[in-house]
A.B. asks: 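Got a structure for you, questions after.
Atom set for the values below is all heavy atoms of this structure, side chains included, hydrogens, waters and symmetry mates excluded. These numbers were taken from a predicted model, which means no experiment stands behind them.
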Amino acid sequence: MFDVGQSPDYEPGLPVSEKSNPLTRDIDRASANRIVRLLEACDAQVFQEEETGSTYQKLFSDAVVKTMMEVAKRVELILKDPEESLVVLSGCGTSGRLAFLIASGFNRALRQLKQSPVYSYIIAGGDRALFSSQEAPEDDPKLGMLSLEKLCEGKRRVLFIGISCGLSAPFVAGQLDLCLQHPEVYTPVLVGFNPAFQARDEPMPGCTFTFRSVVERMQELATSQTAFILNPAVGPEAISGSSRMKGGSATKILLEVVLSAAHASAYTHTPVTYKGVLQHMRTYKKTVDITYAQSEEITALVEAAGQSLRCGRRVCYLGWGSLAVLGLIDASECDPTFGADYEDVRGFISGGYRELNNTEGPLTSLGPEFCLAHEDFERLVLPSLNHQDTVLLIYTHSDDVTEVEKLARKVREKSSNLHAVYHGVDGGTAAVRQDDISELCSSALKITWPSPASGSSLRMQWELSTKLVLNAVSTGAHVLKGKIYQNHMMDLQVTNSKLYRRATRLLQKLSGSPEARCEEALLKAVHRLDELPAAIASSDIITHTHTASSRSKVVPLALVCLLIGCSLSEAESHLQRRPIVRDAVEACLT
């Protein structure tokens, strides 16, 4: 199937990861059911086969599969000889959160085999960025370098996997550059979803290199297999630029297939093969199909969550194990993507920081948004819960179902708006207790999986399935709340250089005004000034994004000002009268 969204002639000035997906152009007008169907169609694009004469390689491309095999063999070498060696996964935002999830999961698998953990993660902004948006550190390549140097001090061999969906994050570029400077220690692997020529080519603070120049150096070294690039195009996101969705899913699939192949080869003498890698990727494709077979139940969750957000209430995910981590991840991404408050969508995990086992330990002293145990939910949220709040229980048949039922009963005393997302296997034994929980819930999304040979493989499928469901719930709810215009993040927070550029491009596209005028309107909205003093106009982007971090509705305000030529206070009044962004924009245009 020809996909215009991935054609080089479609929005030619934009990299694939920033293009708007033609499938979802009117997602802001869609019903909950239609939103779920559109997200399903977008997620299916991840697995599109490569066509003859295609401009971009895809997930199943020969070159991608062969590179995955080579990286798996490098991981295997470390697993067989872990002394003074590390596999480091690093990224910003969603990419860093998935680095944490994947590193934790594979270390857990090693501990079960009585092996020493070899995986470490780095996230720009440190552990607070796991649960709260910390966009500014993404722009700091030197910080990236320092964090990698510190982690790898004294190591003789490091396989470094840098994740940047758009091949754009300066933090990761700095780390890759450090690896290239020290080939005796580091083997760099870059994971992203744009072709190399679309890597960001802007100068970075205090550096002589750009992300693209780093990619070009890695391409040269790839021929001698001293550096590796995994960059299949998975198509534009359902919400333009929202790489937490397809980009995040594809990151999880690629890395888990690679690391699983390495583990199988090291510990069960199953060699890394082309056929094995393809087969494992097709298992993930089935996972997507099995998940969306429940589209009716997913729709019910989207409708409930959308209703809660529309009336100023909240959505809470109460989870167990690694599925709870996906709840924490999904909730943390709503703030920068939709300009949401941290209270709007929140995740909580059974066992809190003890279960998470993150590097920096408990962060509760940083404030209520870092209180994430079920006990914190009971203390901070439960007393004020009502029927307009949506609560999702997220668990599997192997979790303590008695504990799930106990918490469900406490929530049910306050609200009937309780739902379950539950994974079981054929012939599972927890069915009776599960029926008791279902009776307490308004809806239950139960996904039954065929019983596999490997428990860890099933766990990874549950995780991807849960990620798709929660992405649909939070995205769909914010679409229904009116936070999206066409398929663009209108209320995004302009808190780093990537988002600043995205905001400027969006204003150009929607207003038809020249770039300079759009950037001026953006700066006026950021600094809340109708006239820009020369000192502010000539400041660097970091100054502007720092100010923007405490501002809301920056892009909608700038757009209204551009469309009707009004002052900021008039634009604010206009948006107060019409809080749904599309209504506000169309009122300007008419």
Side-chain angles (χ1 to χ4, degrees), residues 101 104-105 108 290-291 294 297-298 300-301 304-305 308 314-331 345-357 371-383 385-387 389-449 451 455 458-470 472-474:
L101 178 79
S104 302
R108 191 163 49 245
I290 288 169
T291 304
Q294 310 284 328
E297 290 82 355
I298 299 171
L301 296 176
S308 292
R314 62 197 147 199
V315 177
C316 292
Y317 303 143
L318 303 179
W320 281 259
S322 60
L323 304 193
V325 179
L326 287 154
L328 292 167
I329 289 173
D330 188 85
V345 183
R346 289 196 69 177
F348 297 90
I349 180 169
S350 174
Y353 286 97
R354 190 179 65 254
E355 173 69 27
L356 280 170
N357 199 24
C371 297
L372 41 78
H374 286 179
E375 291 79 5
D376 296 318
F377 167 79
E378 290 183 37
R379 181 172 55 89
L380 297 170
V381 179
L382 192 61
L385 206 67
N386 69 33
H387 297 296
D389 297 304
T390 299
V391 178
L392 266 65
L393 302 165
I394 307 160
Y395 61 105
T396 76
H397 75 105
S398 59
D399 292 312
D400 184 344
V401 187
T402 314
E403 194 190 316
V404 179
E405 187 184 355
K406 202 188 291 183
L407 190 55
R409 290 192 184 281
K410 287 180 183 175
V411 172
R412 198 67 179 75
E413 286 172 14
K414 291 284 193 173
S415 170
S416 57
N417 197 355
L418 174 66
H419 308 262
V421 177
Y422 163 72
H423 299 273
V425 292
D426 284 335
T429 53
V432 177
R433 189 52 60 82
Q434 171 52 35
D435 288 343
D436 293 343
I437 296 168
S438 294
E439 278 181 25
L440 294 166
C441 296
S442 301
S443 76
L445 190 163
K446 181 187 176 185
I447 307 183
T448 305
W449 301 85
S451 198
L458 182 61
R459 165 77 46 188
M460 291 184 271
Q461 288 179 65
W462 288 343
E463 287 173 0
L464 179 61
S465 177
T466 301
K467 178 186 182 297
L468 297 173
V469 170
L470 297 184
V473 169
S474 57

A.B. asks: Using side-chain heavy atoms (C-beta onward) and a distance below 4.5 Å, is Val411 in contact with Leu393?
C.D. replies: no

A.B. asks: Run the numbers on Glu378 and Leu407 for side-chain contact (heavy atoms from CB on, under 4.5 Å), then give the verdict.
C.D. replies: CA-CA 9 Å; Glu378 290 183 37; Leu407 190 55; 3.6 Å; yes

A.B. asks: Enter the distance from His374:NE2 to Trp320:CH2 here, rounded to the nearest 0.5 Å.
C.D. replies: 4.5 Å

A.B. asks: So, Ser308 versus Asp389: side-chain donor-acceptor pair below 3.5 Å or not?
C.D. replies: no

A.B. asks: Looking only at heavy atoms, what is the nearest atom pair of Ala324 and Gly319, with distance?
C.D. replies: CB-C, 3.2 Å

A.B. asks: I'd like to know if the side chain of Ser465 reaches the main chain of Gln461, judged simply by a donor and an acceptor atom lying under 3.5 Å from each other, with no hydrogens or angles considered.
C.D. replies: no

A.B. asks: Nearest heavy-atom pair of Ala304 and Thr390: which atoms, and what distance?
C.D. replies: O-OG1, 3.0 Å

A.B. asks: Check Phe348 against Ala373 and note the closest heavy-atom contact, atom names and distance.
C.D. replies: CD2-O, 3.4 Å

A.B. asks: Does Glu463 pair with Lys467 as a salt bridge, N-O distance under 4.0 Å?
C.D. replies: no

A.B. asks: Can you tell me how far apart NE2 (His419) and CG (Leu301) are? Round to the nearest 0.5 Å.
C.D. replies: 6.5 Å

A.B. asks: Less than 4.5 Å apart, side chain to side chain, heavy atoms only: is that true for Cys316 and Val381?
C.D. replies: yes

A.B. asks: For Leu470 and Ile394: C-alpha separation, side-chain torsions, deciding distance, then whether side-chain contact (heavy atoms from CB on, under 4.5 Å) applies.
C.D. replies: CA-CA 10 Å; Leu470 297 184; Ile394 307 160; 3.9 Å; yes

A.B. asks: Can you tell me how far the CG atom of Leu385 sits from the CZ atom of Phe377, to the nearest 0.5 Å?
C.D. replies: 5.0 Å

A.B. asks: To the nearest 0.5 Å, how far apart are OH in Tyr422 and SG in Cys441?
C.D. replies: 12.5 Å

A.B. asks: Considering only heavy atoms from C-beta outward, does the side chain of Leu356 approach that of Leu328 to under 4.5 Å?
C.D. replies: yes

A.B. asks: Could you tell me the separation between the CD atom of Gln294 and the CG atom of Leu445, rounded to the nearest 0.5 Å?
C.D. replies: 5.0 Å

A.B. asks: Report the residues that fulfil side chain to side chain contact (heavy atoms under 4.5 Å, CB included) with Ser104, sequence neighbours left out, ordered by chain and then residue number.
C.D. replies: Phe100

A.B. asks: Side chains of Trp462 and Ile447, heavy atoms from C-beta outward: is any pair under 4.5 Å?
C.D. replies: no

A.B. asks: Check Ala305 against Val315 and note the closest heavy-atom contact, atom names and distance.
C.D. replies: CB-CG2, 3.7 Å

A.B. asks: Should we count CZ of Arg379 as having more than 12 external heavy atoms under 6.0 Å?
C.D. replies: yes

A.B. asks: Using modelled atom types and a 3.5 Å cut-off, is there a donor and acceptor pairing between side-chain atoms of Ser442 and backbone atoms of Ser416?
C.D. replies: yes

A.B. asks: Can you list everything that forms a side chain to side chain contact (heavy atoms under 4.5 Å, CB included) with Asp400? Sequence neighbours excluded, please.
C.D. replies: Thr402, Glu403

A.B. asks: Ignoring hydrogens and angles, state whether a donor on the side chain of Asp399 or Thr396 is under 3.5 Å from an acceptor on the partner side chain.
C.D. replies: yes

A.B. asks: Tell me the closest heavy-atom pair linking Thr291 and Ile298, and the distance in Å.
C.D. replies: O-CD1, 3.7 Å

A.B. asks: So Arg459 and Leu323, do their side chains get closer than 4.5 Å, heavy atoms only?
C.D. replies: yes

A.B. asks: Determine whether Thr466 and His423 make a side-chain contact, defined as any pair of heavy atoms from C-beta on separated by less than 4.5 Å.
C.D. replies: yes

A.B. asks: How far apart are the closest heavy atoms of Gly321 and Glu355, and which atoms are they?
C.D. replies: CA-OE2, 3.8 Å

A.B. asks: How long is the gap from NZ on Lys414 to NE2 on His387, to the nearest 0.5 Å?
C.D. replies: 10.0 Å

